[in-house]
Amino acid sequence: MALTDNRIKQANPKERPYKIYDERGLFLIVSPAGGKWWRFKYRLDNHEKTLSLGTYPDTSLKRAREKRDNARTLLADGTDPGLKRKSDKAARTAGNFEQLAREWLQNQSSKLKAETLHLTLRRFENWVFPYIGRRPVKSIEPPEILTLLRLIEITGKYETTKRVRQRIGQVFRYGIGIGEADRDPTADLRGVLHTKPPQNRAAITSPNEVGALLRAIYGYSGQPSTCAALKLLALTFVRPSELRLAEWPEIDLDNQIWRIPKGRMKMKREHIVPLSKQAVSIFRDLQPISGHKAFIFESLRPGRPISENTTNAALRTLGYSGKEMTSHGFRAMASTLLHELGWPPEVIELQLAHSQRNQVAAVYNRSARFKERTEMMQAWADYLDRLYSSI
């Protein structure tokens, strides 16, 4: 007997699942919990199989019969409806952007740091996959990417917007290489997005005020490693990220050299920092604290470096607002005063690890002017000592 909607509604749960039948292989399973599941039973190559057709009432009796009839049409053509469903599902997921992006990330595991990989995946999952993740790679157009980038941009996260565009482009270029993509649509977006408004990071550059800042730092009563980090920012004027991620194998105290690997440098080349006697002394004082740890400046959470805000927060504790002094401001402080002290601008720029247009000259200068940079770094440390002592 064919099913009716009234009969289906009156099919109450029992202690065990049971079936009620319609026609031509269609039946309904009623579960003990009250769920009602459509199934289609068919035979192919002397094998009995079943195909799920949805749940009642989301899939009505009429719709279940339509699905059954479609499956029977496939059977008449010699096609297994169950296998076709699996192949259709695979076709929908294969070749989409999310799949390609995850494959690209996996291939980058030997090239990028775990922290960078995690951040990139998080940005993809937050900003990219919800919008173009399931889209076939070859069908994605520049306006689609621009739309999702605008959503990041309007939050004021200009740097994140830039990085996400770069990563999307890298995925497409990887796809081109393996034959999954025809072109990189992000290339058409150059110049379309807004850039971050230029900001001058707050910095103290008056000698008297620098002396007061140093006295405040040396009187800091917080974590000893945080105090040491502030002192080393002043002495080495490296970027805060280069300092907080520093590891002991980079430090050669006997030869008074700190080699920062290119992976952590903004310009993606190794940077050598000549260490003054004062800087060496601070590193030696840190050895009993973190000499056995992964990072020189380890946070209170084992195995992780201090955060980007640790040294800025320490400056706030010392009474310096964000408009007066920042961790990055030590670089501007050193640059300004070293120029005033008469050191050659190119030597200062080399030590700041700023880019140079002529890359051949840059390589030569980093080597040929190392002696001058060593002398400058010691003279700078001695100058800071004098400022600290002048009241």
K.L.:
Is any side-chain heavy atom of Leu149 less than 4.5 Å from a side-chain heavy atom of Tyr131?
P.N.:
no
K.L.:
Compare all side-chain heavy atoms of Phe370 with those of Leu350 and state whether any distance is below 4.5 angstrom.
P.N.:
no
K.L.:
Anything under 30° is parallel, anything over 60° is perpendicular, the rest tilted; go ahead and classify Phe124 against Phe129.
P.N.:
parallel
K.L.:
Quickly, which of Asn309, Thr311, Thr310 forms a side-chain hydrogen bond (donor to acceptor under 3.5 Å, both in side chains) with Ser307? Name it, please.
P.N.:
Thr310
K.L.:
Indicate, with yes or no, if Leu387 and Leu341 share a hydrophobic cluster defined by side-chain heavy-atom contacts under 4.5 Å among Ile, Leu, Val, Met, Phe, Trp and Tyr.
P.N.:
yes
K.L.:
What distance separates Lys67 NZ from Ser52 OG, expressed to the nearest 0.5 Å?
P.N.:
7.5 Å
K.L.:
Would you mind listing every ring-ring contact (aromatic ring centres under 6.0 Å, His included) that reaches into residues 289-315, with sequence neighbours excluded?
P.N.:
none
K.L.:
How about Ser281 and Lys231: do any of their side-chain heavy atoms sit closer than 4.5 Å?
P.N.:
no
K.L.:
May I have the step-by-step check of side chain to side chain contact (heavy atoms under 4.5 Å, CB included) for Arg331 and Leu352, ending in yes or no?
P.N.:
CA-CA 7 Å; Arg331 290 170 60 78; Leu352 286 165; 4.0 Å; yes
K.L.:
Say you draw a straight line from CZ of Arg102 to CG of Asn96; how long is it, rounded to the nearest 0.5 Å?
P.N.:
10.0 Å
K.L.:
Are the side chain of Arg24 and the backbone of Phe40 linked by a donor-acceptor contact shorter than 3.5 Å?
P.N.:
no
K.L.:
For Gln108 versus Leu117, what's the shortest heavy-atom pair and its separation?
P.N.:
CB-CD2, 3.9 Å
K.L.:
Is there a side chain to side chain contact (heavy atoms under 4.5 Å, CB included) between Leu315 and Leu213? Walk through the geometry before answering.
P.N.:
CA-CA 9 Å; Leu315 288 169; Leu213 171 63; 4.1 Å; yes
K.L.:
Can you tell me how far apart NZ (Lys36) and CD1 (Ile29) are? Round to the nearest 0.5 Å.
P.N.:
13.5 Å
K.L.:
Please tell me if the side chains of Ile178 and Trp104 come closer than 4.5 Å, counting only heavy atoms from C-beta onward.
P.N.:
no
K.L.:
Give me the ring orientation class for Trp380 and Tyr383: parallel if the planes are under 30° apart, tilted from 30 to 60°, perpendicular past 60°.
P.N.:
tilted
K.L.:
Apply the test salt bridge (charged side-chain N to carboxylate O under 4.0 Å, His left out) to residues Arg7 and Asp22: give CA-CA distance (whole Å), side-chain angles for both, the deciding distance (0.1 Å), then the verdict.
P.N.:
CA-CA 11 Å; Arg7 186 182 171 196; Asp22 188 54; over 6 Å; no
K.L.:
Any side-chain to backbone donor/acceptor pair from Asp77 onto Thr79? Under 3.5 Å, distance only.
P.N.:
no
K.L.:
Output yes when Arg264 and Glu250 qualify as a salt bridge under the 4.0 Å nitrogen-oxygen rule, no when they do not.
P.N.:
yes
K.L.:
Using the rule that two of Ile, Leu, Val, Met, Phe, Trp, Tyr join whenever any of their side-chain heavy atoms come within less than 4.5 Å, decide whether Leu233 and Leu235 are in one cluster.
P.N.:
yes
K.L.:
What pair of heavy atoms forms the shortest contact from Thr186 to Gly169, and how long is it?
P.N.:
OG1-CA, 3.4 Å
K.L.:
How about Glu115 and Leu245: do any of their side-chain heavy atoms sit closer than 4.5 Å?
P.N.:
yes
K.L.:
When you measure from the side chain of Arg369 to the backbone of Glu346, do you find a donor-acceptor pair of N or O atoms at a distance under 3.5 Å?
P.N.:
no
K.L.:
Taking the six-membered ring for Trp, are Phe172 and Phe97 parallel (under 30°), tilted (30 to 60°) or perpendicular (over 60°)?
P.N.:
tilted
K.L.:
Any side-chain heavy atom of Met377 within less than 4.5 Å of one from Val273?
P.N.:
yes
K.L.:
For Lys293, is the NZ atom crowded, meaning more than 12 foreign heavy atoms sit under 6.0 Å from it?
P.N.:
yes
K.L.:
Provide the closest heavy-atom pair for Ala234 versus Leu214 in the form atom of the first, atom of the second, distance.
P.N.:
CB-CD2, 4.2 Å
K.L.:
Checking Glu141 side chain against Pro185 main chain: does a donor-acceptor pair fall under 3.5 Å?
P.N.:
no
K.L.:
Can you tell me how far the OG atom of Ser321 sits from the CZ atom of Arg316, to the nearest 0.5 Å?
P.N.:
6.5 Å
K.L.:
Looking at Arg304, is its backbone amide N or carbonyl O close enough to the side chain of Ser299 to form a donor-acceptor pair, meaning the two atoms are under 3.5 Å apart?
P.N.:
yes
K.L.:
Does a donor on one side chain and an acceptor on the other come within less than 3.5 Å for Thr326 and Asn312?
P.N.:
no
K.L.:
Measure from the side-chain N and O atoms of Glu98 to the backbone N and O of Arg134, and report whether any donor-acceptor pair falls under 3.5 Å.
P.N.:
no
K.L.:
To the nearest 0.5 Å, what is the distance between CE on Met325 and CD1 on Ile217?
P.N.:
7.0 Å
K.L.:
Hey, is CZ on Arg150 packed in by over 12 heavy atoms from elsewhere, all under 6.0 Å?
P.N.:
yes
K.L.:
Does His339 reach the main-chain N or O of Ser335 with its side chain, forming a donor-acceptor pair under 3.5 Å?
P.N.:
yes
K.L.:
Take Arg68 and Glu23, measure what side chain to side chain contact (heavy atoms under 4.5 Å, CB included) needs, and give me the verdict at the end.
P.N.:
CA-CA 10 Å; Arg68 173 203 61 195; Glu23 296 176 322; 4.0 Å; yes
K.L.:
Side-chain heavy atoms nearer than 4.5 Å, only ILVMFWY residues, links allowed to pass through others: does that put Ile176 and Val171 together?
P.N.:
no
K.L.:
Got a sec: does the NZ of Lys157 have more than 12 other heavy atoms crowding it under 6.0 Å?
P.N.:
no
K.L.:
Would one find more than 12 heavy atoms of other residues, nucleotides or ligands at under 6.0 Å from atom CG of Asn46?
P.N.:
no
K.L.:
Kindly give the heavy-atom pair with the smallest separation between Glu372 and Trp343, and that separation in Å.
P.N.:
O-CZ3, 4.0 Å
K.L.:
Could you pull out the closest heavy-atom pair between Ala64 and Leu53, with the gap in Å?
P.N.:
O-CD1, 3.8 Å
K.L.:
If you round to the nearest 0.5 Å, how far is CG of Leu100 from NZ of Lys138?
P.N.:
11.0 Å
K.L.:
Please check if Leu384 and Tyr388 belong to a single hydrophobic cluster, counting links between Ile, Leu, Val, Met, Phe, Trp and Tyr side chain heavy atoms closer than 4.5 Å.
P.N.:
yes
K.L.:
One pair to check against side-chain hydrogen bond (donor to acceptor under 3.5 Å, both in side chains): Gln170 and Arg173. What are the steps and the verdict?
P.N.:
CA-CA 5 Å; Gln170 288 174 305; Arg173 290 191 291 278; 5.5 Å; no
K.L.:
Check whether any side-chain N or O of Trp248 sits under 3.5 Å from a backbone N or O of Ser290 as a donor-acceptor pair, and report yes or no.
P.N.:
yes
K.L.:
Using the rule that two of Ile, Leu, Val, Met, Phe, Trp, Tyr join whenever any of their side-chain heavy atoms come within less than 4.5 Å, decide whether Tyr218 and Leu243 are in one cluster.
P.N.:
yes
K.L.:
A quick test of your reading: do over 12 heavy atoms of other residues, nucleotides or ligands sit less than 6.0 Å from CZ of Arg43?
P.N.:
yes
K.L.:
Any side-chain heavy atom of Pro274 within less than 4.5 Å of one from Met376?
P.N.:
no
K.L.:
Does atom CD (Glu375) have a neighbourhood of more than 12 heavy atoms from anything else shown, all under 6.0 Å?
P.N.:
yes
K.L.:
Are side-chain N/O atoms of Arg135 and Ser139 paired as donor and acceptor at under 3.5 Å?
P.N.:
yes
K.L.:
Heavy atoms, side chains only, cut-off 4.5 Å: are His271 and Gln351 in contact?
P.N.:
yes
K.L.:
So, Glu66 and Asn70: side-chain donor and acceptor under 3.5 Å apart, yes or no?
P.N.:
no
K.L.:
Quick one: do Arg167 and Arg123 satisfy side chain to side chain contact (heavy atoms under 4.5 Å, CB included)? Show the steps, please.
P.N.:
CA-CA 10 Å; Arg167 296 304 190 193; Arg123 285 172 171 170; over 6 Å; no
K.L.:
Heavy atoms only: give me the nearest Leu75-Pro81 pair and the separation to one decimal.
P.N.:
CD2-CD, 3.7 Å
K.L.:
Regarding Thr205 and Thr336, do their side chains bring together a donor and an acceptor under 3.5 Å, going by distance alone?
P.N.:
no
